[in-house]
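As structure tokens, the structure follows; a few thoughts come after it.
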Amino acid sequence: YAKRDLGEVLTRAARAFPVVVLTGPRRVGKTTLLRHLLPAADYRLLEDPAVLAAVRTDPAGFLDELTLPS
């Protein structure tokens with residue numbers, strides 16, 4: 001794991017908001033960063049066709065199903 005400057009910002013955002021979106025180019029370490037900083041968080045990869053279909057079909061329902069640890 002390589003420490004990233006974004007880590008502190010992401011951790012603060014996760015404490016302040018019920019949902020945080022992390023986007024960026026493929027294969028730059030987004031999932032690795034999330035798993036390292038927020039191991040108990042519930043997250044979804046939008047590369048998964050079923051997840052993407054759920055977002056497109058019912059975005060509000062999709063977000064309602066997400067939960068973050070308190």
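Just so it is clear, the model here is predicted, and its values are computed rather than measured.
In the hydrophobic cluster analysis, where Ile, Leu, Val, Met, Phe, Trp and Tyr join through side-chain heavy atoms closer than 4.5 angstrom, Val28 is grouped apart from Leu38.
Evaluation of the side-chain contact (heavy atoms from CB on, under 4.5 Å) rule for Asp48 yields Ala50, Val51 as partners, not counting sequence neighbours. Scanning for salt bridge (charged side-chain N to carboxylate O under 4.0 Å, His left out) contacts around Arg27 gives an empty result, with sequence neighbours left out.
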Candidate pair Val19 and Phe62, rule side-chain contact (heavy atoms from CB on, under 4.5 Å), full reasoning: CA-CA 11 Å; Val19 175; Phe62 174 79; over 6 Å; no

Step-by-step side-chain contact (heavy atoms from CB on, under 4.5 Å) determination, Leu34 to Leu10: CA-CA 9 Å; Leu34 288 172; Leu10 183 60; 3.6 Å; yes

side-chain contact (heavy atoms from CB on, under 4.5 Å) between Leu6 and Leu22, worked out: CA-CA 10 Å; Leu6 181 61; Leu22 178 62; 3.8 Å; yes

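Interatomic distance, CG of Leu33 versus NE2 of His36, reported as 8.0 Å (0.5 Å rounding). Atom CZ in Arg4 sits 8.5 Å away from atom CG in Leu37 (nearest 0.5 Å). Remark: Arg44 CZ to Leu52 CG distance equals 13.5 Å, nearest 0.5 Å.
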